[in-house]
Amino acid sequence: MLKLPYSFYQNSNVNELAVQLLGKQLFTFIDGQLTGGTIVETEAYKGVEDKASHAYGGRFTPRTQTMYQSGGVSYVYLCYGIHHLFNVVTAPQGTPHAVLIRGLEPLEGLSIMLERRNMSMLKPNLTAGPGALAKALGIDRTLNAKDLLGDEIWIAENGIYYTEDQLVASPRVGVNYAGDHALLPWRYYVKGNKYVSRPNS
DNA sequence: CTTACGATTGTCT
DNA sequence: GACAATCGTAAGC
């Protein structure tokens with residue numbers, strides 16, 4: 001297992017990087033428990049020029065300052081007062097680009113993840129959706145701004161590469177407030193994978 | 001200090 | 001398909 005190097009995260013083309021993260025493996029080691037899986041769904045958030053980004057227009061606050069760090073750290077925040085969402089900070093320091101991880105195919109620590117989600121048997125919604133996968137991996141705000149080459153949370157390469165015809169680009173989810181930017185096809189996922197989140201239906 | 005709201009999910013009908 | 005849960009964050013006074 002090989003952790004992705006810092007150079008991987010320095011790419012300032014956040015859309016390209018969101019695609020490259022598909023097929024990589026995200027792991028956490030929390031409370032002595034190893035859990036993780038393969039990333040199958042991402043969304044790109046393009047810093048100051050993206051109306052859907054927390055850093056739109058250069059907004060710099062105690063929360064968003066993490067996004068301005070040099071690529072290769074985590075950005076975790078609370079949504080709706082309930083759900084923790086996990087992002088990968090990318091691009092060189094000062095450029096607040098980030099990639100939201102929205103779907104994960106479980107690999108390690110299945111029983112731990114089931115327990116954290118209060119589920120008794122494996123169903124796709126164990127880790128389909130950003131809030132769901134964060135809970136399954138035990139991610140909360142104490143993991144904000146962590147080094148992604150550390151020993152609490154990291155992303156590894158495992159030789160999985162998807163070809164373009166296996167991938168789909170579509171509009172992002174839950175960002176209607178972003179006006180015209182809500183239509184940008186910056187959500188990427190693996191075609192046909194069961195662990196890609198479905199719009200509420 | 002006060003207030004409005006969200007990069008969502010689970011439960012109920 | 002509809003809606004409640006629930007609180008940190010950011011902006012306004």
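Letters A, B, ... are given to chains in the order of the sequence lines, protein chains preceding strands, and every chain is numbered from 1.
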Asker: In whole angstrom, what separates Arg172(A)'s CZ from dA7(B)'s P?
Answerer: 11 Å
Asker: Within residues 59-69 of chain A, which residues have any heavy atom lying less than 4.0 Å from an atom of DNA chain B?
Answerer: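 DNA chain B contact set from residues 59-69 of chain A: Met67(A).
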Asker: What's the NE2-C1' distance between His181(A) and dA7(B), to the nearest Å?
Answerer: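 The answer, rounded to whole Å, is 15 Å.
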Asker: List every contact pair, protein side and nucleotides 4-6 of chain B side both N or O, where the distance is under 3.5 Å.
Answerer:
{"from": "dG6(B)", "atom 1": "N2", "to": "Gly81(A)", "atom 2": "N", "distance (Å)": "3.4"}

Asker: Output the rounded distance in Å from CG (Asn125(A)) to P (dT8(B)).
Answerer: 16 Å
Asker: Tell me the interatomic distance from His83(A), atom NE2, to dT6(C), atom C1', rounded to whole angstroms.
Answerer: 9 Å
Asker: Output the rounded distance in Å from OH (Tyr188(A)) to P (dA7(B)).
Answerer: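 It works out to 19 Å between those atoms.
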Asker: Just jot down the salt bridge (Lys or Arg N to Asp or Glu O under 4.0 Å) partners of Lys135(A), sequence neighbours excluded, or say none.
Answerer: none
Asker: Side chain of Arg116(A), backbone of Leu137(A): donor and acceptor closer than 3.5 Å?
Answerer: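 Yes; at least one donor-acceptor contact below 3.5 Å.
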Asker: Could you work out, with side-chain contact (heavy atoms from CB on, under 4.5 Å) as the rule, every residue matching Leu114(A), not counting sequence neighbours?
Answerer: Met119(A), Leu126(A)
Asker: To the nearest Å, how far apart are Arg141(A) CZ and dC7(C) C1'?
Answerer: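 Going from Arg141(A) (CZ) to dC7(C) (C1'), I get 9 Å.
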Asker: If the condition is salt bridge (Lys or Arg N to Asp or Glu O under 4.0 Å), which residues does Lys194(A) pass it with, not counting sequence neighbours?
Answerer: none
Asker: Verify the neighbour count for atom CG of Asp165(A): are there more than 12 heavy atoms of other residues, nucleotides or ligands below 6.0 Å?
Answerer: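 Check passes, neighbour count above 12.
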Asker: Test of understanding: with side-chain contact (heavy atoms from CB on, under 4.5 Å), list the residues that count as partners of Asn11(A), not counting sequence neighbours.
Answerer: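 Residues passing side-chain contact (heavy atoms from CB on, under 4.5 Å) with Asn11(A): Asn13(A), Glu16(A), Leu17(A), Gln20(A).
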Asker: Rounding to a whole Å, what distance do you find between Leu183(A):CG and dA7(B):P?
Answerer: 16 Å
Asker: Take the protein atom NZ of Lys135(A) and the nucleotide atom P of dT6(C), then report the distance between them rounded to whole Å.
Answerer: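 Answer to the nearest Å: 12 Å.
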Asker: Taking distance alone, no hydrogens or angles, what donor-acceptor pairs closer than 3.5 Å link side-chain atoms of residues 51-58 of chain A to residues at least two apart or in another chain?
Answerer:
{"from": "Lys51(A)", "atom 1": "NZ", "to": "Asp180(A)", "atom 2": "OD1", "distance (Å)": "2.7"}
{"from": "Ser53(A)", "atom 1": "OG", "to": "Ala55(A)", "atom 2": "N", "distance (Å)": "3.0"}
{"from": "His54(A)", "atom 1": "ND1", "to": "Tyr75(A)", "atom 2": "OH", "distance (Å)": "2.9"}

Asker: Expected output check: what is the dot-bracket annotation of DNA chain B, where ( ) and [ ] are pairs inside the strand (brackets for crossing ones), | is paired with another strand, and pairs are Watson-Crick or G-U under 3.5 Å?
Answerer: ||||||.|||||.
Asker: Could you tell me whether the side chain of Asn158(A) and the main chain of Ile160(A) form a donor-acceptor pair under 3.5 Å?
Answerer: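 Checking the backbone N and O of Ile160(A) against the side chain of Asn158(A), a donor-acceptor pair under 3.5 Å is found.
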Asker: Sequence neighbours left out, what passes side-chain contact (heavy atoms from CB on, under 4.5 Å) with Gln10(A)? Give chain and number order.
Answerer: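 side-chain contact (heavy atoms from CB on, under 4.5 Å) check on Gln10(A) returns Ser70(A), Pro92(A).
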Asker: Under the salt bridge (Lys or Arg N to Asp or Glu O under 4.0 Å) rule, what pairs show up with a residue in residues 52-70 of chain A, not counting sequence neighbours?
Answerer: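 Residue pairs with at least one partner in residues 52-70 of chain A: there are none.
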Asker: Can any side-chain N or O of Arg117(A) pair as donor or acceptor with the backbone N or O of Asn125(A) at less than 3.5 Å?
Answerer: yes
Asker: Looking at DNA chain C, which of residues 88-118 of chain A put a heavy atom within less than 4.0 Å of it?
Answerer: none
Asker: Is Arg172(A) paired with Asp50(A) through a side-chain N to carboxylate O contact shorter than 4.0 Å?
Answerer: yes
Asker: Let me have the donor-acceptor pairs involving side chains of residues 98-108 of chain A, under 3.5 Å, with sequence neighbours excluded, atom names and distances please.
Answerer:
{"from": "Arg102(A)", "atom 1": "NE", "to": "Glu41(A)", "atom 2": "OE2", "distance (Å)": "3.1"}
{"from": "Arg102(A)", "atom 1": "NH2", "to": "Ser197(A)", "atom 2": "OG", "distance (Å)": "3.2"}
{"from": "Glu105(A)", "atom 1": "OE1", "to": "Asn193(A)", "atom 2": "ND2", "distance (Å)": "2.8"}

